[in-house]
Amino acid sequence: MSLLIDQPASFVRVSTLSAHSPATLNGTRRLIDAYGRHISDLRISVTDRCNFRCVYCMPEEGMQWLDRDTILSFDEIERLARIGVELGIEEVRLTGGEPTLRPDLPELVARLSRLPLRSLSLTTNGFLLRRLARPLAEAGLKRINVSLDTLQHDRFHQIARRHGLDEVLGGLEELERYPSISPIKINVVAMRDFTEAEVVAFARLARRKPYVIRFIEFMPLDADGNWQRERVLSGPEIKAIIERDFMPLVPVAAEPSSTSRRFTFPDGLGEVGFINPVSQPFCGTCNRIRLTADGQVRTCLFSIDEWDLRSPLRTGASDAQLAGILLEAVSHKELKHKINEGEAFQRASRSMSQIGG
Ligand code: SAM
Ligand code: SF4
């Protein structure tokens with residue numbers, strides 16, 4: 001059963017459309033939340049659809065898709081991104097669903113690359129990268145995360161419920177031809193009784209190829225609602241496997257807002273990282289907000305509430321009014337997630353593929 005099919009729609013907060021906000025920095029309005037966190041990272045989902053059905057993300061069947069006319073156009077996305085940049089957004093990541101399914105994705109990348117951003121990146125399952133790596137590089141994509149949970153064909157099908165390992169590995173190879181996209185990161189969602197067997201193989205891959213391998217703890221954002229704490233294989237456990245069975249790790253300095261604890265090997269060759277939202281939450285330095293494919297702002301992956309930008313966008317709101325909604329949403333950003341707080345934890349109002357991870 002999919003949680004998401006049965007659950008009520010999330011609560012949409014309607015902003016008062018105020019163009020005034022107390023969040024100012026040197027007289028300029030900035031996205032700063034009630035806890036003083038500067039929001040500089042905007043994740044934009046460009047579709048909720050996907051060509052995989054990863055067990056930790058989507059149900060095998062029965063997913064309810066957004067109506068196509070609710071999906072933001074490139075003009076709308078570009079406008080909101082520009083307003084975000086004026087409020088202090090420095091990094092934009094395109095995601096989904098599977099973002100490469102969105103027709104003409106390179107055109108959107110080209111448009112966003114004209115904004116004064118520090119980083120423009122993409123998170124993808126990599127299935128279509130053999131064809132898209134070049135147009136994405138030419139359009140100005142700067143960084144990429146490719147999700148890959150196993151290096152074995154049968155296990156790939158077990159996780160993604162689709163075949164595609166050769167396509168993803170081929171896509172990664174193709175990416176290597178475009179050094180303007182760097183670094184190439186691989187996201188591995190770690191699940192107990194599954195991932196342990198390949199931890200060392202991934203560590204070896206990090207040394208053999210120019211890929212940063214990052215292990216991500218399984219979060220309760222799966223549409224099937226099958227998440228259980230016992231299924232989380234924590235970052236510290238994975239690190240212990242690498243150090244016991246392979247080689248010691250040496251810490252690498254990371255930016256304060258980095259979600260990843262970064263490590264290299266004693267000879268400096270290769271990098272692995274651990275993203276530990278469950279065992280070692282990093283909410284205190286969170287600098288992210290998300291825009292769903294249907295134009296709702298979410299201030300946390302685990303948000304229950306959303307802030308509607310689509311309706312005002314489509315009914316003539318000014319840039320100042322849209323900025324006002326973003327400022328107001330950010331002023332309500334959650335302090336932290338409550339995964340570790342027992343009964344106090346409430347599942348997010350949408351699952352990962354509908355939010356844009
Ligand atoms: N389809 C693209 C992909 O798979 O990379 C982009 C969207 S996907 C929702 C974004 C990231 O979220 C992927 O790295 C995926 O592995 C991760 N993810 C999905 N469900 C997750 C979960 N329940 N816990 C942790 N990470 C998850
Ligand atoms: Fe699709 Fe990405 Fe979710 Fe897998 S993790 S089902 S590839 S959106």
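Remember, it's a predicted structure, so these values are computed and weren't measured experimentally. Both ligands and their constituent atoms are indexed starting at 1 by order of listing.
- Side chains of T292 and E306: no donor on one and acceptor on the other come within 3.5 Å.
- Atoms of ligand 2 found under 4.0 Å from any heavy atom of G97, numbered from 1 in the order shown, are 8 (S).
- The closest protein non-hydrogen atom to atom 13 (C) of ligand 1 is S147 OG, 3.2 Å.
- Separation of the Y211 and F202 ring centroids does not fall under the 6.0 Å cut-off.
- For ligand 1, the atoms lying closer than 4.0 Å to a non-hydrogen atom of N125 are 2 (C), 3 (C), 5 (O).
- Among the atoms of C57, no N, O or S atom falls under 2.8 Å of atom 4 (Fe) of ligand 2.
- Assignment of G96 to the shell around ligand 1 is supported, since a heavy atom sits closer than 4.0 Å.
- In this structure, R207 satisfies the cation-pi test against F265, with its NZ or CZ atom closer than 6.0 Å to the six-membered ring centre and inside 45 degrees of the ring normal.
- The shortest separation from a heavy atom of G97 to ligand 1 is under 4.0 Å, placing the residue in contact.
- If you number the atoms of ligand 1 from 1 as listed, the ones under 4.0 Å from a heavy atom of E98 come out as 1 (N), 2 (C).
- Looking at Q296 and R290, their side chains never bring a donor and an acceptor atom within 3.5 Å of each other.
- At least one N or O atom of N187, backbone or side chain, sits closer than 3.5 Å to an N or O atom of ligand 1.
- In this structure, S147 falls outside the shell of residues with a heavy atom less than 4.0 angstrom from ligand 2.
- Between I241 atom CD1 and E198 atom CD the span is 11.5 Å, to the nearest 0.5 Å.
- At a 4.0 Å heavy-atom cut-off, ligand 1 touches T123 through backbone and side chain alike.
- Residue contacts with ligand 2 for C54 involve both N, CA, C or O and side-chain atoms from C-beta outward (heavy atoms, distance under 4.0 Å).
- Tested against L148 for a side-chain contact (heavy atoms from CB on, under 4.5 Å), the candidates N187, N125, V188, L169 yield a single pass: L169.
- A cation-pi contact links K239 to F263, judged by a cut-off of 6.0 Å to the six-membered ring centre and 45° from its axis.
- From L31, atom CG reaches atom CD of E90 across 10.5 Å, with rounding to the nearest 0.5 Å.
- Annotation: cation-pi geometry satisfied between R155 and F194 (NZ/CZ under 6.0 angstrom from ring centroid, within 45° of ring axis).
- Considering backbone and side-chain N/O atoms, M219 comes within less than 3.5 Å of an N/O atom of ligand 1.
- For the residue pair N226/Y56, the side-chain donor-acceptor check at 3.5 Å is not satisfied.
- Using the six-membered ring where Trp is involved, F52 and F127 have ring planes that are perpendicular, over 60° apart on the 30 and 60° scheme.
- Close approach of ligand 1 to T95 is summarised as follows: ligand atoms under 4.0 Å from at least one heavy atom of the residue are 6 (C), 7 (C).
- Listed by number with element, the atoms of ligand 1 under 4.0 Å from a non-hydrogen atom of V189 are 16 (O), 26 (N), 27 (C).
- To the nearest 0.5 Å, the span separating SG on C57 from CE on M219 amounts to 10.0 Å.
- Close contacts of ligand 1 with F218, meaning ligand atoms under 4.0 Å from a residue heavy atom, involve 23 (N), 24 (N).
- Proximity to Y56 (heavy-atom distance under 4.0 Å) selects the following atoms of ligand 1: 16 (O), 18 (N), 19 (C), 20 (N), 21 (C), 22 (C), 23 (N).
- Neither the backbone nor the side chain of D149 comes within 4.0 Å of ligand 1, counting heavy atoms alone.
- Nearest to atom 12 (O) of ligand 1 among the protein's heavy atoms is M352 CE, 3.5 Å.
- In the vicinity of C50, heavy-atom distances shorter than 4.0 Å reach the ligand 2 atoms 1 (Fe), 6 (S), 7 (S), 8 (S).
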